[in-house]
2 protein chains.
Amino acid sequence: MAANILLVEDEPAIQELIAANLGRAGHHVVRAGDAETAQRIVREALPDLVLLDWMLPGMSGIELARRLRADERTRTIPIIMLTARGEEQDKVAGLEMGADDYITKPFSPRELVARIKAVLRRRAPQATEDPVVLGGLSLDPATHRVAAGERPVTLGPTEFRLLHFLMTHPERVHSRAQLLDQVWGDHVFVEERTVDVHVRRLRAALEPVGHDGLIQTVRGSGYRLSAQPAVAGV
Amino acid sequence: MAANILLVEDEPAIQELIAANLGRAGHHVVRAGDAETAQRIVREALPDLVLLDWMLPGMSGIELARRLRADERTRTIPIIMLTARGEEQDKVAGLEMGADDYITKPFSPRELVARIKAVLRRRAPQATEDPVVLGGLSLDPATHRVAAGERPVTLGPTEFRLLHFLMTHPERVHSRAQLLDQVWGDHVFVEERTVDVHVRRLRAALEPVGHDGLIQTVRGSGYRLSAQPAVAGV
DNA sequence: CAGGAAATTGACGATTTTGTGACAGGTCAC
DNA sequence: GTGACCTGTCACAAAATCGTCAATTTCCTG
């Protein structure tokens, strides 16, 4: 959903306007005023998407697009080009150059956001959709259902993701920091204790269906999901 | 990956050439030499994809595209347009009209096949004409009718397509974005919340005939049609 | 066994997501 | 035209979920 976007636009007012709108939509925006700067930033930061004005001082947008498509590392980064009404040959050239979409100025912020979303959606890799079964517990990402045997288990979104991660990485201890990275996303700023609370909620949801010791606490390290019972001392 | 493809092309030699190549790639090809014929065939056969030459005698390709997009039954059928080099304004107009892709003559057979594959991949298999029955609810695409047992259910076109898609892909959770792609078509830009509204209308239409929990909300993910209850009461 | 760090727990306000009713345009058959 | 749909969007209401805190409890260490 949120993405790193490089905005290449020489007109400061328009740049500001677009950046503000994208920011409001939850995207992280990096700006460049000319193609050379843009090229450098792309190499360094590898953004998720490039918003490229066609009319630029110095190197043209079309040339930048060509170079990005020529470089192995930047080849797959989606490009949406911004064109003024009437520059039809540019649009076509841009699409032939490998732009993924174009949008004609003036455009509504909403349309821009929608197009970005659509392009990103097409590129997004399909998440693992395979059902996971482990010790009588089954979780199916496709149907978004969890069941202990026959009995369904109701979970909130975060609990669901947490359980999904734990079930796909069982028998292993995960620190709170790791869980925050994997389940919440590494850009989120939340307390580590929050993990505890969600683990507790998960346990509470699993307990009435007879899966008590499934999630084990490893004092000082983190949590572990294990089909094996937590051993005292062997 | 075999698909039913309608080829609209007035030049017999080119028509033959393309048809041969597509046939070799495992596709089933139906041909039309003009837009009027094409329109009729689309209505009858509902192909998986339309390959549309832009330069046609009589009704232009662009007009045909517009009509296909206007009819709710054919709205989501992907269109790839064939253009001659230099017809730049046509390409732009075509994409604005809702074509999914374009390809410039002359093109290599391999490129054509690749583009077709790409466009088809973006879309789940086109729903069939077969009636669907699920949990006492029956939907017949041919007659455009929905009934709960004996009682008929009245739906608007969008609601119908939405229900049709959900019934042909039951149990699975669909995000709003996916539903927009599949039901509205991925060239349409509408708010995601629009899906909510239509789901609500669909629920409202289904409720008086005793199909309450059929469409379930999966918080944070989307919607799911399921014969099974969302949660098991104690 | 005491001290203290680490983890559990219950509560709660804030935030996010979804449900709902209303409405302004647009289309189409008449 | 014109009246009966249909649609997409909005604003607001209702729900569900989230993150945090402080009070406890648990568990190790010495």
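Every chain is numbered from 1 and lettered A, B, ... according to where its sequence line falls, protein lines coming before strand lines. None of the values given here were measured: they were computed from a predicted structure. Note: hydrogens, waters and symmetry copies are ignored here, and every other heavy atom, side chains too, is used.
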Just how far is it from atom CG of B/L49 to atom CD1 of B/I77, taken to the nearest 0.5 Å? 9.0 Å
Measure the angle between the two terminal helix axes of the helix from C/dC1-D/dG30 to C/dC30-D/dG1, five base pairs each, and quote it to 10°. 30°
For B/E44, does the CD atom have more than 12 heavy-atom neighbours from other residues, nucleotides or ligands under 6.0 Å away? yes
Under 3.5 Å between N/O atoms: give me all the protein pairs with nucleotides 22-30 of chain D, atom names plus distance.
unit_1 : atom_1 : unit_2 : atom_2 : d
D/dT26 : O2     : A/R219 : NH2    : 2.9

What is the per-nucleotide protein-contact pattern of nucleotides 21-30 of chain C, from the 5' end, where B denotes a base atom under 4.0 Å from a protein heavy atom, S denotes such proximity for sugar-phosphate atoms only, and - denotes neither? BB--------
Send over the distance from B/Q216 CD to D/dA16 P, rounded to a whole Å. 15 Å
Closest approach of B/L155 to B/A205 (non-hydrogen atoms, all atoms of both residues): CD2-CB, 3.5 Å
Can you tell me how far P of C/dT16 sits from CD of B/E192, to the nearest Å? 16 Å
At less than 4.0 Å, is any side-chain N or O atom of B/T194 found next to OP1 or OP2 of D/dT9? Yes or no. yes
Take atom OH of A/Y223 and atom C1' of C/dA6, then tell me their distance rounded to the nearest Å. 9 Å
Kindly say whether A/F165 contributes a backbone atom to a donor-acceptor pair with the side chain of A/H169 at under 3.5 angstrom? yes
Whole angstrom is fine here: how far is it from NE2 in B/H198 over to P in C/dT18? 17 Å
Rounded to the Å, how far apart are A/L163 CG and D/dT17 P? 15 Å
For residues A/E191 and A/L180, report the shortest heavy-atom separation together with the two atoms involved. O-CD1, 4.2 Å
Smallest heavy-atom separation, A/P47 atom then A/L6 atom, equals CG-CB, 3.9 Å
Would the number of heavy atoms belonging to other residues, nucleotides or ligands and lying under 6.0 Å from CZ of B/R145 be above 12? no
What nucleotide, of C/dT8, D/dG19, D/dT7, holds the atom closest to the side chain of A/D196? C/dT8
Provide, to the nearest angstrom, the distance between the CG atom belonging to A/L179 and the P atom belonging to D/dC18. 15 Å
So does A/W184 get a side-chain nitrogen or oxygen closer than 4.0 Å to the phosphate oxygens (OP1/OP2) of D/dG19? yes
Upstream residue (5' side of DNA chain D) when A/G156 and A/F189 are each assigned their closest nucleotide: A/G156
Can you figure out which of D/dG8, C/dA7, D/dG19 approaches the side chain of A/R176 most closely? C/dA7
Closest nucleotide among C/dT18, C/dA7, D/dT9 to the A/T217 side chain: C/dA7
Taking CD from B/E191 and C1' from D/dT9, how many angstroms apart are they, rounded to a whole number? 7 Å
Using atom types as modelled and distance alone, determine if a side-chain donor or acceptor of A/E159 lies under 3.5 Å from a backbone N or O of A/G156. yes
Between the side chains of B/S221 and B/R176, is a donor N or O closer than 3.5 angstrom to an acceptor N or O? no
When all nucleic acid strands are considered with a 4.0 Å heavy-atom cut-off, which category describes A/F160: base, sugar-phosphate, or nothing? nothing
If only atom types and distance count, is the side chain of A/R224 paired as donor or acceptor with the main-chain N or O of A/Q216 below 3.5 Å? no
Within the 3.5 Å criterion, strictly below it, is a donor on A/T143 or B/E171 matched to an acceptor on the partner's side chain? no
Which whole-number value in Å describes the distance from B/L206 CG to C/dG19 P? 15 Å
Has A/T168 got a side-chain atom pairing as donor or acceptor with A/H164's backbone, closer than 3.5 angstrom? yes
